[in-house]
Amino acid sequence: MGKNLIRCIEGTRDYFDLDGARFGKAMKAADHVFTAYGYSQIHTPVFEATELFARGIGEATDIVEKEMYTFKPGSDMITLRPEGTAGVIRAFLQHSMHKQGGLNKLWYSGPMFRRERPQKGRQRQFHQVGVEAVGSSDPLLDAEVIAMGLQFYAAVGITGIRTRLNSIGCSAPECRAKYRETLREAIRPNLDKFCKNCQNRFDRNVLRLLDCKNPSCKELAANLPKSHEHVCGECADHFGKVTEALDAFGVDYVIDPTLVRGLDYYTKTVFEYTHSALGAQDAIGGGGRYDGLVEELGGPSIPAVGFAIGVERVMIAMETLGACCCTAPLMVYGIAAGDEEHKAMSGLLARLRRAGVSCDMDFEGKSFKAQMRTAGRRGALIALILGSNELETGQITVKDMREDGGQSTVPLSQMQEAIEALVTVG
Ligand code: AMP
């Protein structure tokens, strides 16, 4: 005692109690929903060669310019991953997954790291669940991915998601490059009216002037030429098919010409999910098509589409909407009168756990009365009581802990049945 307490680093957090339950619910929903769409899990390292992100995300992006945690512990520069896609595509190529041909549907979850200014919904270590569908340019797949994201939010109990959609074109000279020029021409006469940040980005990354959060820049951006109206014929056709499929799926969306996303690798479709519960950081997930990334990372030309969802923001929305307001209840708390009963109880609980009943018991040598109090405090639905009489006669008392709940003493062989009559197991 007497030593300084060590706290977690600014911009990082611990998750327990209800936050632990919310986090767990998000992971379960991701597994359930993404598996239903034919995705399998991939887990890649938390740190990668810095070059992977510089090349994959783009040098002129906020992330690569100022938000990465980069180290040189030995001779190589390494970076804590700021997002998941680059690592997944690196793994996809390293393990020659493309050689099997066809479409690869992969999903991941895990921590990401960005050195941003921490605020509500913005951390330096945060978590994402994400999907990458690699190997198809079918616009129906873009729509399926967008609809799947919405199904994930529904599965964690989040309603009121808004889906913003745009097309930012492709690398063909007559497409995004031409649109960039059109945009520069439209902005140039008024460039001095944009904020300093926008002025700096005008030459390097003019698309980002469209999504500047500054109110006066926003006003100016509203009247600029719209990318989905200036993309090449192929991209316009693709976008039309995506919106058609979304309409057919019954997905609500708004076309937002100011949506460009912060990462360079996107082509054609981009989308973002927002939620009003989140305040200033209202993006709860986002993604798009990235047909050039596999090639950029040294592979063949393979089209792909995906998204990443911010788990912390999902947890904030769940909290606001009361979507997960309790931890999973403990079904059974075992109460034992003495040493022999204590040992016997541990065997009984092991049996119940194998049958899917969640159970716990005392390990602190508490008195019978104190064990009863703990059962109540832990919110157990059932107290399983083993006194010396019961142990001798091969019986057990099953007490329903809910208000007006009764109790009955049954032979040990009927214990599980008696429990299943009171709670739903499995
Ligand atoms: P991005 O690909 O950068 O749009 O990130 C995808 C999602 O991750 C966003 O929509 C957010 O929900 C979440 N996210 C991004 N950065 C952070 C952060 N610093 N803290 C918490 N969540 C974040």
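Since this is a predicted model, take the numbers as computed values, not measurements. Indexing begins at 1, ligand by ligand and atom by atom, following the structure's order. Excluded from the calculations below are hydrogen atoms, water molecules and symmetry mates; all remaining heavy atoms, backbone and side chain alike, are included.
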Margin query: Using a plain distance cutoff, I'd like to know if R122 has any nitrogen or oxygen under 3.5 Å from a nitrogen or oxygen of ligand 1.
Written below: no
Checklist line | Side-chain H-bond candidate by donor/acceptor type, R378 with Y333, under 3.5 Å | finding: no
Margin query: Is there a polar contact between ligand 1 and E272, counting only N or O atoms under 3.5 Å apart?
Written below: no
Next item on the list: Report yes or no: does a heavy atom of E116 sit under 4.0 Å from some atom of ligand 1?
Entry: yes
Item checked: Option set A317, G285, G11, criterion heavy-atom distance to atom 10 (O) of ligand 1, minimum -> G285
Next item on the list: Could you name the option among F126, F113, Y266 that has the heavy atom nearest to atom 23 (C) of ligand 1?
Entry: F126
Next item on the list: Ignoring hydrogens and angles, tell me if any N or O in the side chain of R184 forms a donor-acceptor pair with the backbone of F202 under 3.5 Å.
Entry: yes
Next item on the list: For the residue pair Y15 and E312, confirm or rule out a side-chain donor-acceptor distance under 3.5 Å.
Entry: yes
Checklist line | Close aromatic pair by centroid cut-off 6.0 Å: Y39 and W107 | finding: no
Notebook entry, point to check: Using a distance-only test with no angle check, is there a side-chain donor-acceptor pair under 3.5 angstrom linking S227 and N166?
Noted result: yes
Checklist line | Shortest non-hydrogen separation from A317 to L278 and the atoms involved | finding: N-CD2, 4.4 Å
Notebook entry, point to check: Backbone, side chain, both or neither: what part of Q128 comes under 4.0 angstrom of ligand 1, heavy atoms only?
Noted result: side chain
Item checked: Closest approach of any protein heavy atom to atom 21 (C) of ligand 1, naming residue and atom -> G121 O, 3.2 Å
Margin query: Within ligand 1, which atoms have a heavy atom of A308 less than 4.0 Å away?
Written below: 6 (C), 7 (C)
Next item on the list: Just need the protein heavy atom nearest to atom 3 (O) of ligand 1, so name the residue and atom and give the distance.
Entry: R114 NH1, 2.8 Å
Notebook entry, point to check: Can a non-hydrogen atom of Q123 be found less than 4.0 Å from any atom of ligand 1?
Noted result: yes
Margin query: Any side-chain to backbone donor/acceptor pair from R81 onto E48? Under 3.5 Å, distance only.
Written below: no
Item checked: Min N/O separation A283 to ligand 1 under 3.5 Å -> yes
Notebook entry, point to check: Regarding E132 and Y290, is there a side-chain donor-to-acceptor distance under 3.5 Å anywhere?
Noted result: yes
Note to self: For atom 13 (C) of ligand 1, what is the closest protein heavy atom, and at what distance to 0.1 Å?
What the structure shows: G310 CA, 3.6 Å
Checklist line | Side-chain donor/acceptor of Y253 to backbone N/O of F271, under 3.5 Å | finding: no
Notebook entry, point to check: Heavy-atom contacts under 4.0 Å between R261 and ligand 1: side chain, backbone, both, or neither?
Noted result: side chain
